[in-house]
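Quick notes on the structure that follows.
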Number of protein chains: 2
Amino acid sequence: MNMKEFSLTTGLTSHTVRYYEKIGLLKNIERTKSGHRIFSHADVIWVEFITRLKDTGMPLKQIQQYAELREQGDHTATDRMLLLEDHAATLEARLALETQHLKKLHDKIAYYKTLISS
Amino acid sequence: MNMKEFSLTTGLTSHTVRYYEKIGLLKNIERTKSGHRIFSHADVIWVEFITRLKDTGMPLKQIQQYAELREQGDHTATDRMLLLEDHAATLEARLALETQHLKKLHDKIAYYKTLISS
DNA sequence: GTACAAGTTAGAGTCCACTCTAAGTCAATT
DNA sequence: AATTGACTTAGAGTGGACTCTAACTTGTAC
């Protein structure tokens, strides 16, 4: 899979893909003898996972750490799990907070409603 | 209430407070005749509301719009309500997505657990 | 009245996550 | 063989939201 296809499949621009490689999120991407990148299905899966972490607010720095561990092989599984557990806890806390915020927002909206109809 | 007190109460640094004033989130802050700002309780409430919106991911630009409407008085209540309703909907959608992401994260963690214990 | 902490301004710097540019090479099509 | 589009690199630029600096003035405590 070439750059075009990969960027279409993952939804990242080619710029972003190269950026991700530069900062170490993507490692060991194959190359043609002329230097063009060749992406595999595994790369797609991995980027999808990166995107998921990103969408839950994990900073790229932390995703990098995960990538680092991942590259070091199976013996880092526990560390990776701990990292994910940590993030899951963060996410849960944020969800709780956001739910609260949302409730207050609805209260305010309700208040506006009475204000308007009066 | 002077700058120090205000920044302690709201949790914003004085730099951020001045920045918020500069970009129009805080308006009509009183001044002593020597130019120092005097904040009121209403300012605290308002900043808390700004913080709430910010914490739910509303960009400052949009909060500015709200501030603008707010300054124009009661006849903008409907507009403000619509803005909040819009944001509430956005937030709800994001919460739903994040909940899904969290679930997948837990799945992955569970997978790591079986991997490790095997 | 003298320290010195806290306030003021305009504007520069920082961090994150891209996003784009320039200058050049490679691949596919006619 | 020539055009066109996609690829490569290093590095500059962007936008959001601060965060800090410099140079100066004011307020408070002794």
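Order of the sequence lines sets the chain letters (A, B, ...), proteins ahead of strands, with each chain counted from 1. Treat the numbers as computed from the prediction; the structure is a model and nothing was measured.
Atom CD1 in I63(A) sits about 8 Å away from atom P in dA17(C), given to the nearest Å. In this structure, the CD atom of Q64(A) is 14 Å from the C1' atom of dC15(C), given to the nearest Å. One can place NZ of K22(A) at 13 Å from P of dC18(C), the figure rounded to the nearest angstrom. Atom OH of Y20(B) is separated from atom C1' of dG16(D) by 11 Å (rounded to the nearest Å). The nearest whole Å value for the distance from the CD atom in E21(A) to the C1' atom in dT9(D) is 12 Å. Atoms NZ (K33(B)) and P (dG7(C)) sit 17 Å apart, rounded to a whole Å. Atom-to-atom, CD of E5(B) to C1' of dA5(C) comes out at 15 Å; the value is rounded to the nearest Å. The CE-P distance, from M1(A) to dA6(D), rounds to 17 Å in whole Å.
Taking hydrophobic clusters as Ile, Leu, Val, Met, Phe, Trp and Tyr residues chained together by side-chain heavy-atom distances below 4.5 Å, L97(B) does not share a cluster with I63(A).
In this structure, of dC26(C), dA17(D), dT8(D), it is dC26(C) that holds the atom nearest to the side chain of S34(A). Side chain of R31(A), nearest nucleotide from dT26(D), dT8(C), dT8(D): dT8(D). The Y19(B) side chain lies nearest to dA17(D) when the options are dA17(D), dG7(C), dC20(D). Of the candidate nucleotides dT26(D), dT21(D), dC7(D), dT26(D) has the atom lying nearest to any side-chain atom of H36(B).
Along DNA chain C, the nucleotide nearest to K54(A) and the one nearest to H15(B) differ in position, and the one closer to the 5' end is contacted by H15(B). Annotation: of the two residues near DNA chain D, I38(A) and T16(B), the 5′-most nearest-nucleotide partner is I38(A). In this structure, M58(B) and T32(B) both approach DNA chain D, and ranking their closest nucleotides by distance from the 5' end singles out M58(B).
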E71(A) and N28(A): CA distance, side-chain angles, deciding distance, side-chain contact (heavy atoms from CB on, under 4.5 Å) verdict: CA-CA 9 Å; E71(A) 209 209 354; N28(A) 313 317; 3.7 Å; yes
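Between Y66(A) and W46(A), the ring planes are parallel. Angles under 30° get that label, and only those over 60° would be called perpendicular. Taking the six-membered ring for Trp and thresholds of 30 and 60 degrees, F39(B) and F6(B) have nearly parallel ring planes, at less than 30 degrees apart.
Taking 4.0 angstrom as the limit, K61(B) places a side-chain polar atom (N or O) nearer than this to OP1 or OP2 of dG16(D). For T13(A), no side-chain nitrogen or oxygen approaches OP1 or OP2 of dC18(C) to under 4.0 Å. The side chain of K4(A) contributes no N or O atom lying less than 4.0 Å from OP1 or OP2 of dC7(D).
Looking at heavy-atom distances under 4.0 Å, R37(B) makes contact with sugar-phosphate atoms alone, never a base. Within 4.0 Å of F6(B), counting heavy atoms only, lies no atom of the nucleic acid at all.
Within a 6.0 Å radius of NZ in K103(B), other residues, nucleotides and ligands contribute 12 heavy atoms or fewer.
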